[in-house]
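Reading through the structure tokens given below for one structure.
Just the heavy atoms: all of them, side chains too, but no hydrogens, waters or symmetry mates, feed the values below. Each residue takes its place number in the sequence, starting with 1. Whatever order the structure lists ligands and atoms in, that order sets their numbers, starting from 1.
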Amino acid sequence: MSNSLHFFTPSNLTAPKQYLPKPSYNRWFPVTSLSPKLISIKASTSADPNSSTTSPQVLISDNGTGAGEILSFTPQECDTPPSQSFLSDSSSIDVDAVTEVELKENGFRSTRRTKMVCTIGPATCGFEELEALAVGGMNVARINMCHGTREWHKRVIERVRRLNEEKGFAVAIMMDTEGSEIHMGDLGGDSSAKAEDDEIWTFSVRAFDLPRPERTINVNYDGFAEDLKVGDELLVDGGMVRFDVIEKIGPDVKCRCTDPGLMLPRANLTFWRDGSLVRERNAMLPTISSKVNSFQQSILTLTLEELQFEGVDFIAISFVKSAEVINHLKSYIAARSRDSDIAVIAKIESIDSLKNLEEIIQASDGAMVARGDLGAQIPLEQVPSAQQKIVQICRQLNKPVIVASQLLESMIEYPTPTRAEVADVSEAVRQRADALMLSGESAMGQYPDKALAVLRSVSVRIEKWWREEKRYEAMELPAVGSSFSDSISEEICSSAAKMANNLGVDALFVYTKTGHMASLLSRCRPDCPIFAFTSTKSVRRRLNLQWGLIPFRVSFSDDMESNLNKTFSLLKARGMIKSGDLVIAVSDMLQSIQVMNVP
Ligand SMILES: Nc1ncnc2c1ncn2[C@@H]1O[C@H](COP(=O)(O)OP(=O)(O)O)[C@@H](O)[C@H]1O
Ligand SMILES: C=C(OP(=O)(O)O)C(=O)O
Ligand SMILES: [K+]
Ligand SMILES: [Mg+2]
């Protein structure tokens, strides 16, 4: 390959058959439209030195001919025996199968820095579909507990774990709790319900017989009729459909549709009075608050009891109002399971969470800009600035941040994104968010793999452009630790990142037991990728959410010299680094910065 731009794509190793690129690939693959020349898809093979198997790889490369072309492709059976890459023992190193190929083919510089979270739903819950997402670069699989049954959630978790074990991925699992929102029922099995202008609909806490009577919607909140007033405005899904409340009859609330549209099962409901959102803390609505708190508590307890031993890496908490909920949950996790370290992600999606932003983020292990509900709680035009602020505070407080919802919404139905969507993804990448999330696009959309490919290619392209332009956001990074030793670590990481940029090194190496030192490096958003070596699988999976980190699992000692020698030879044997590469290494065992060429 020349050193012209070439993008690694879902290669390889174990790509399920239905995922093989089709001839129409060039028509939608977004690099085509962003690159000055057309892109071709090229298949090649490269032998893994540690493995007897040969891995077919699909490469998308700029072949300079100006015409996209599929040269060849060798399909491979799905049940390839795992290569040594993911059989762990003390003398081996584990790295994500996708990253490994990407590093070998494209070198360090062009690896993707922005991480990708995919919501798993009916479109992607099968083993092969999950595998296609993993091959496409999914770092975290999100399961939204608002949908599906506990059995279904468990099955998906098992499949992701099996995928990791059998195929050498390190996909982390995020459970997203049901939260406290008021939402509609499941529409009695209908996939949607259409409300037309001026129609009268009944919203009620009553369970209706099946088939669902015409123009009726069941809601999940007992106090619904009590809390609403005639004259209130009822918004479905943040305003996709609007109603005026015209009459209350017992538990039934009659509403007139003022903005027609399609209502989806379990769509979120908010209501507005005199131009303001009616919220839990509102004096008019004392009931929601208590109901919501106990509801949320019980959901959390259930979630943890059922799932803590199943290998969940992240738990995302919906509608967080204060740091208290997070602290409570974290102490619960700590007390319940000593060895499982589930990271707690605060979803910022309510006015209350915006008010208490810093304390919430400080208490959490990360945050999500949950723009879906946030956009229903604050005016839409305020969402972008809220996003920027949340991303910035997370970076300052050294917490990973996910930008979520509607990034590629049109791709639920169409194979190409809109220009506006590409611009939105670019903006999140430019803000250097740690991760981007797909919701409906991957859960129930028609083109989950294509949506993921768009996230991937836009991320890589924008990151590269940003590096080439040498544009750095001047961001003050205040001290985050409290001890002197914390301060030393922070200074070491920021100096190492600066040196890496100034010297143009190929990679930063960090040896870290808990992952903290790796996150401090990631926070500096250096030009080069960060190879994070850690000894436990769970830390490795968690690091998967952080910007620029390439997590490896390898056993190491307190002796940096021998750690370096060991990793150099393991990585060289795998063809992932070569003699002469310039590396800066730091570790949380030894407070030093080492600069060296790979021997
Ligand atoms: N486990 C699931 N089972 C069925 N459908 C799902 C599942 N997860 C997500 N979906 C579908 O994908 C859509 C988008 O997902 P998400 O944004 O996570 O949920 P919501 O729209 O409820 O906020 C949902 O509205 C739902 O239609
Ligand atoms: C991610 C979000 O939460 P959920 O999909 O659970 O509503 C959101 O509101 O943007
Ligand atoms: K949720
Ligand atoms: Mg939400």
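- Relative to atom 3 (O) of ligand 2, the option among H183, K347, M145 with the closest non-hydrogen atom is K347.
- In terms of distance to the K ion (ligand 3), the nearest N, O or S atom of D176 is named OD1.
- In the model, S204 has no side-chain atom that pairs as donor or acceptor with a side-chain atom of N218 under 3.5 Å.
- Distances shorter than 4.0 angstrom occur between a heavy atom of M368 and an atom of ligand 2.
- When D373, I348, V369, N268 are ranked by how near their heavy atoms come to atom 7 (O) of ligand 2, first place goes to D373.
- Residues L262 and M240 have side chains not in contact (no heavy-atom distance under 4.5 Å, counting atoms from C-beta outward).
- Among the candidates I360, I361, D373, I390, the single residue satisfying the side-chain contact (heavy atoms from CB on, under 4.5 Å) test with S353 is I360.
- For E349, the N/O/S atom at the shortest distance from the Mg ion (ligand 4) is named OE1.
- Between R215 and E199 a salt bridge is recorded (basic side-chain N to carboxylate O distance below 4.0 Å).
- Of the N and O atoms on the side chains of Q377 and T270, not one donor lies less than 3.5 Å from an acceptor on the other residue.
- Taking the Mg ion (ligand 4) as reference, D373 places its N/O/S atom OD2 nearest.
- Within the listing of ligand 2, atoms 1 (C), 2 (C), 8 (C), 9 (O), 10 (O) sit less than 4.0 angstrom from a heavy atom of A370.
- Between the side chains of N144 and T119, no donor-acceptor pair is found at a separation under 3.5 Å.
- At a 4.0 Å heavy-atom cut-off, ligand 2 touches S405 through the side chain alone.
- At a cut-off of 3.5 Å, with distance as the only test, a side-chain donor of E463 or T114 sits close to an acceptor on the other residue.
- The atoms of ligand 2 that sit less than 4.0 Å from any heavy atom of G372 are 8 (C), 9 (O), 10 (O).
- Contact annotation for R142 and ligand 2: only side-chain heavy atoms (C-beta onward) come within less than 4.0 Å of the ligand.
- At a cut-off of 3.5 Å, with distance as the only test, a side-chain donor of Q387 or Q431 sits close to an acceptor on the other residue.
- Listed by number with element, the atoms of ligand 2 under 4.0 angstrom from any heavy atom of E349 are 2 (C), 3 (O), 8 (C), 9 (O).
- Close approach of ligand 2 to R371 (heavy-atom distance below 4.0 Å) involves ligand atoms 10 (O).
- Under 3.4 Å from the K ion (ligand 3) lies an N/O/S atom of T177, whether from backbone or side chain.
- Ring geometry, F224 versus F271: the interplanar angle exceeds 60°, so the pair is classed perpendicular (tilted spans 30 to 60°).
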